[in-house]
Each structure stands twice: as C-alpha cells, then as structure tokens.
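Here is the structure we will look at.
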Amino acid sequence: MTHLLDRRAFLAAGAATALSTACARPIVAADGRPTVAAAGRPAAEPALGRVTLLHTNDTHSRVEPFGPGNGNLSGRGGMARRMTMVKELRKAIPNVLLLDAGDTFQGTPYFNLYKGRLDYKLMSLLGYDAGTLGNHDFDNGVDSLLEAMQEAKFDFVNCNFDCAGAPALQKRLRPFVIKEFPGIRVGITGVGVAFKGLVAPNNHKGVAWLDPDKALKPVVAHLREKEKVDLVVLLSHLGYDEKGTGWDDLTLAKQVPGIDAIIGGHSHTFLDQPTKVANERGETLIFQVGFAGVNLGRMDFVTSKGVVKAAGGFAVPVIHQA
Ligand SMILES: [Zn+2]
C-alpha cells in the first residue's frame, strides 16, 4: 500500500505532529518525548508528565472488519487489527491508556449470540484500561449486562447513573478511576445519555439518570483538589452535538470547566482531530472517532503540576497495513 508511510515512521511522526502543532514552544523531540533535560533548562523547571490516550466508541459488536460492499467502510475495522495497532503503539510510546466511550453492544450476530460477553472478553485481551456504558449496552437489561461485565478485566466508569436500585451494577460502576504513570496522574470518569426514548424502562430497572453537569462537577472538583490529578479525562456517551435537544459534549465542555479531554461517543461523529473548546479554566479537547472501530483515536498530553502544557491528537484508520 504505497500511500502509507512506513508504520513505525508514521507512529513516531504522528506523536511529534500531534504535540508540536498545539504548542508554540517546542517542548517535545521528534519521538514525542519531553526535551527539557536535553535542552539544558534550569533544574528548577517542573517535571513534565506525558500520557497518550487511545480510544474507541460505539464499536457495536464489530469483531470483524467490514466486508466488501460497504462503501468507504469496506475492509476497515476489526478487533485483531486494532489489537496489533495498540500493541505496536504501546511498544513505541511509554504511557498509554486504552479507553472506550460506550455502545460496545448491538450491531452484528456476535452480539445476538454472545450478548456482549465476547466484546468485553476481546477488549480485555486488547488491554483496555477503562470504558463507560452507552444506551445499547442496556439492550438486554441490567442482569445480562452484568453477566457480560464478568468478562471485562477493565474498569467501568460513570458518575451520572444512580444505581441505588441495582446494587450489583453500582458495585461494578465506579464514579472515577485514577491511572498513574511516572510523572502523571490521570483521573478518568464517565457520563451516559438519558434513557428516555433510548432504553426501555425494564432494561434499566433500578438505574436512574442524573443531569451530567450536576453529577460531574463534584467529581471533577474531587479529582483536582483531593486526588491531585494532572489530567481529567471524561468518557462521554452523550453525543458530540445534539443541537440544543439535550446534553452533548460541546455544551458540557463549556459548562463543566476542568475537564482536559472528552472522549465522546453516541453520535458516531467522525472527527479527524480533536475539537478544542475554550472555557473559564482553559481548554477542553473533544474527540470522537466514528463508530464500529474503523478508526482509533489518539490524543497526547504533556502536563506539569496539573496544567496541560501541550496537547493534540488525530484519528488513525484501522486498515490492513502491509
Ligand atoms: Zn449510543
């Protein structure tokens, strides 16, 4: 495939581009690593932390790539390929988190047969660190979801489902998790879309939906003030732009300052790179990479003491690469 760069060169170049375009002061080398020490800055310069977020959304039981006859989706996606890509990226860059924004279920016969157990099992093999729940993840009800979750070796985060009436789910869903690498603490939380009109009442029995901004504000404050995280990441299944009909990522980024990255889902929005939204605390990067695992999202952040110093990202097509 001549239009593709050498794979390793592409990954290395991507890291540098993603960061340097977002930062006037070049603080990263060609391999994307901070260059403070190499540049001989004074020892008092605060240490930099660095993390790369890889992400998917709305994978909808697409275990295999799209076959021929699917227009521009033909030949794209597939969990085996995604696994190869993630493995190579983890080898090439030090601090990587693999995250998902929900709607893992529904869409192919794999779901009809395995009811989501296979998806979560494969996601565990891929090494996902955390995911959240979309509306379709409730399609077979809470008990079936819990059964599938037994296959998941990763964390589920959500802070706007009140699961008081579904204690087993409450136990499995965490309001946030902290992932730590040398020099950087990352707080990850999640929000889900309103059930009304999307999930039959019987399928979310015991689970009530809360306004995402009201649920999120105390969690973001806790992560920043008590947990002293350097980066706040939100896995959102609200949708990118609901055009005033409900909560969406564009609105939330403005209403709840303090979120550095929103990894979105639900609206199947194909973005090539993150959208930057300014708010009273700085900037939030919102990213969403279509659906069905045809793209892998990537965002890179460099932080210092809880402040983002450089950030950027791009979508990586999941295609066969010779
Ligand atoms: Zn959805």
Side-chain angles (χ1 to χ4, degrees), residues 55-63 66 73 77 79 99-108 110-112 114-116 118-120 122-123 128 130-142 144-146 148-149 152 154 156-163 166 169 172-173 188-205 207-213 215-216 233-253 261-271 275 286-297 315:
H55 55 94
T56 49
N57 58 277
D58 302 276
T59 49
H60 285 300
S61 294
R62 280 278 161 193
V63 173
F66 280 98
L73 297 176
M79 290 190 79
L99 305 165
D100 184 82
D103 269 8
T104 305
F105 294 1
Q106 197 66 268
T108 72
Y110 282 108
F111 178 68
N112 303 347
Y114 296 109
K115 303 188 173 17
L118 177 66
D119 300 279
Y120 285 157
L122 290 174
M123 284 171 74
Y128 272 81
T132 194
L133 296 176
N135 46 302
H136 280 295
D137 301 318
F138 288 89
D139 278 0
N140 285 335
V142 171
S144 180
L145 168 62
L146 278 165
M149 281 170 135
F154 52 90
F156 287 92
V157 286
N158 174 285
C159 70
N160 76 322
F161 291 157
D162 176 355
C163 301
L169 187 61
R172 194 67 176 84
L173 272 186
I188 305 165
T189 182
V191 286
V193 67
F195 293 128
K196 204 173 172 212
L198 292 174
V199 180
N202 219 26
N203 284 344
H204 67 87
K205 219 171 160 183
V207 187
W209 181 86
L210 308 172
D211 270 334
D213 66 328
L216 256 176
V233 178
L234 172 67
L235 308 182
S236 160
H237 200 81
L238 297 179
Y240 179 72
D241 181 2
E242 297 297 306
K243 310 218 181 289
T245 61
W247 281 101
D248 57 37
D249 296 338
L250 289 171
T251 313
L252 203 67
I262 297 181
I263 291 172
H266 188 55
S267 50
H268 297 195
T269 307
F270 279 90
L271 298 175
T275 302
I286 305 172
F287 207 7
Q288 189 176 155
V289 287
F291 77 115
V294 299
N295 286 342
L296 182 68

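Remember, it's 1-based here, ligands and their atoms both numbered in the order they're listed.
Considering only heavy atoms from C-beta on, L133 stays 4.5 Å or farther from H204 through its side chain. By the 4.5 Å heavy-atom criterion applied to side chains, Y120 and Y114 are not counted as neighbours.
Evaluated for a side-chain contact (heavy atoms from CB on, under 4.5 Å) with L145, the options D139, N203, L169, N140 yield exactly one hit, L169.
If you look at H266 and ask which of its N, O or S atoms sits nearest the Zn ion (ligand 1), the answer is ND1.
Here the Zn ion (ligand 1) is the vertex; the OD1 atom in N135 and the OD2 atom in D103 give an angle of 100° (to 10°).
In terms of modelled atom types and a separation under 3.5 Å, the side chain of N202 and the main chain of G141 share no donor-acceptor contact.
The distance from the Zn ion (ligand 1) to the nearest N/O/S atom of H136 is not under 2.8 Å.
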